[in-house]
Chemist: 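Got a structure for you, written out below as structure tokens; questions coming shortly.
Remember, it's 1-based here, ligands and their atoms both numbered in the order they're listed. Values in this document were obtained by computation on a predicted structure and should not be read as measured data.
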Amino acid sequence: MTEKFTLEYAKTLDQADPLAHYRDEFCLIKDTIYLDGNSLGLLSKRSEQAVEDVMQAWKTRGIDGWTEGEQPWFYLPEKLGELMAPLVGAEPDEVIVTGSTTANLHQLLATFYEPENGKTKIVTDELSFPTDIYALQSQIALKGLDPEEHLIKVKSRDGHTLDEEDIIQAMTEQVAVVVLSGVQYRSGQVLDMEKLTKAAHGRNILIGFDLCHSIGSVPHDLSGWGTDFAFWCTYKHLNGGPGAAGALYVNKRHFGVQPGLSGWFGSDKTRQFDMEHEFVSAGHAGAFQMGTPNLLSMAPLSGSLEIFNEAGLPAVRKKSLELTGYMMDLIGHELAGYGFQVRNPADESRGGHLFIEHPEAARICRALKEERIIPDFRAPNGIRLAPVALYNTFEEVWQTVQKLKKIMDGETYKKFENKRGVVA
Ligand SMILES: *Cc1c(COP(=O)(O)O)cnc(C)c1O
């Protein structure tokens with residue numbers, strides 16, 4: 001069937017797409033195919049309005065914006081946590097919007113990493129995002145231990161993906177905590193988080209996940225699985241905006257625990273302004289907040305979470321798999337023999353982006369940008385392409401593969417240097 005590779009076919013897919021109307025909800029960049037929603041999601045009109053609402057409240061209410069108006073700021077981190085909870089399969093009070101990915105990982109390790117009685121090691125993997133590794137190393141060092149000895153990085157067999165069995169093998173009786181990414185930031189592999197949680201708990205080990213690349217893209221059931229903790233950013237698939245506040249999840253069974261890094265915004269809200277020197281914990285995920293929330297950096301989430309809850313994550317995931325599946329089919333058909341290697345899993349253990357390697361990747365990305373297609377380069381030779389369910393189309397996927405072919409046939413990438421920019 002060759003019909004599948006025509007522009008007409010792409011258009012029929014768009015016509016049948018039940019999420020197609022959400023595209024109009026976003027501020028699309030003029031004449032541009034944006035495939036970088038896994039690094040920085042696009043602005044939605046509802047998010048823009050939500051920021052405007054905070055500005056208005058500030059303008060018209062001043063200090064009273066904390067407690068008055070439609071969205072009193074004092075309660076916003078909890079409220080956004082409730083709206084976000086369905087995306088991770090958590091109960092409403094198990095999620096709080098606060099901090100950043102890195103800061104939240106520090107908070108959670110400061111709370112849950114208690115090396116004692118020979119159980120002193122942390123298991124992660126060699127494909128982890130660098131900031132996660134730095135945080136793990138420094139938390140081990142803060143406990144007076146040597147990160148070289150106490151941080152176990154499970155190896156990848158193929159350099160791109162992890163085998164859950166290898167991770168489980170590493171869960172020895174010396175291990176206190178396991179920290180892994182739900183979706184690998186390069187290959188896009190989705191780990192079997194349920195299986196890993198069960199395996200860790202069977203060995204009396206705590207487990208937490210970095211959900212930066214899975215939140216808003218892949219469904220989770222953290223409460224159902226019983227995962228101990230998780231943390232993520234909100235500026236990738238969640239479209240929270242540059243530097244948007246992060247979020248974290250703590251399972252109910254840990255609600256009584258004293259936060260490793262306490263601050264007054266972790267207090268029971270009815271007691272916070274008693275200004276006592278004795279910390280009275282909020283008693284839910286909110287306890288892990290520290291200082292005054294960054295209101296302007298979380299406001300956009302009011303709008304974007306509304307869209308997610310309306311569209312429903314199952315529908316988002318379904319379309320995402322269709323978009324990436326279609327893109328892989330087109331790449332297989334149009335770009336065979338051009339030196340591209342698709343490194344993301346081909347099956348449904350792939351997340352929301354494709355990861356393609358090519359020796360000339362850096363300058364192919366520049367050539368794509370010149371054609372007004374926005375990819376994401378990852379050194380030394382990786383191209384990430386994320387067709388996003390809420391705002392990309394099947395036609396854009398088709399156009400992208402055609403443009404790639406044109407760039408390769410015309411060798412237009414050769415006029416650029418094969419080097420990454422400062423931010424890539
Ligand atoms: C994007 C990303 C981060 C970013 O951390 P910040 O603290 O938000 O800068 C961390 N870990 C992973 C896996 C990521 O994909």
Chemist: Salt bridge check, E164 against K195: does any charged N sit closer than 4.0 Å to a carboxylate O?
Modeler: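 Not counted as a salt bridge, because no side-chain N and carboxylate O are separated by less than 4.0 Å.
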Chemist: So W66 and F265, would you call those rings parallel, tilted or perpendicular, with 30° and 60° as cut-offs?
Modeler: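 W66 and F265: tilted rings.
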Chemist: Within the 4.0 Å heavy-atom shell around T102, which atoms of ligand 1 are there?
Modeler: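 Every atom of ligand 1 under 4.0 Å from some heavy atom of T102: 5 (O), 6 (P), 7 (O).
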Chemist: Could you check if a side-chain atom of L151 sits within less than 4.5 angstrom of a side-chain atom of K121, using non-hydrogen atoms only?
Modeler: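 Heavy-atom side-chain distance check fails, nothing below 4.5 Å.
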Chemist: What atoms of ligand 1 come within less than 4.0 Å of a heavy atom belonging to Y235?
Modeler: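 Going through ligand 1 atom by atom, the ones under 4.0 Å from Y235 are 1 (C), 4 (C), 5 (O), 6 (P), 8 (O), 9 (O).
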Chemist: Kindly say whether the aromatic ring centers of F129 and H213 come within a distance under 6.0 Å.
Modeler: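 Centroid separation for F129 and H213: 6.0 Å or greater.
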Chemist: Provide the number and element of each atom of ligand 1 under 4.0 Å from a heavy atom of S100.
Modeler: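 Taking each heavy atom of S100 in turn, ligand 1 has 7 (O) under 4.0 Å.
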Chemist: Could you tell me, atom by atom, which parts of ligand 1 come under 4.0 Å of a heavy atom of H213?
Modeler: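 Near H213, the atoms of ligand 1 are 15 (O).
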Chemist: Which of the atoms in ligand 1, numbered in the order shown and given with their element, are less than 4.0 Å from a heavy-atom of C212?
Modeler: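 Atoms satisfying the 4.0 Å criterion: 2 (C), 3 (C), 10 (C), 11 (N), 12 (C), 14 (C), 15 (O).
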Chemist: For a 4.5 angstrom cut-off between non-hydrogen side-chain atoms, does L42 reach V388?
Modeler: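 The answer is no; the side chains never approach within 4.5 Å.
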Chemist: Below 4.0 angstrom from a heavy atom of T131, which ligand 1 atoms are there? Numbered from 1 as shown, please.
Modeler: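 Reading through ligand 1 atom by atom, the close ones are 5 (O), 10 (C).
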Chemist: Check the orientation of H358 and Y413. Use parallel for under 30°, tilted for 30 to 60°, and perpendicular for over 60°.
Modeler: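 Answer is perpendicular, since the angle exceeds 60°.
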Chemist: How far is atom 13 (C) of ligand 1 from the closest protein heavy atom, and which atom is that?
Modeler: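 Protein heavy atom with the smallest distance to atom 13 (C) of ligand 1: D210 OD2, 3.2 Å.
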Chemist: I'd like to check which ligand 1 atoms, numbered from 1 as shown, lie under 4.0 Å from a non-hydrogen atom of K236.
Modeler: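 Contacts of ligand 1 toward K236, numbered from 1: 1 (C), 2 (C), 3 (C), 14 (C), 15 (O).
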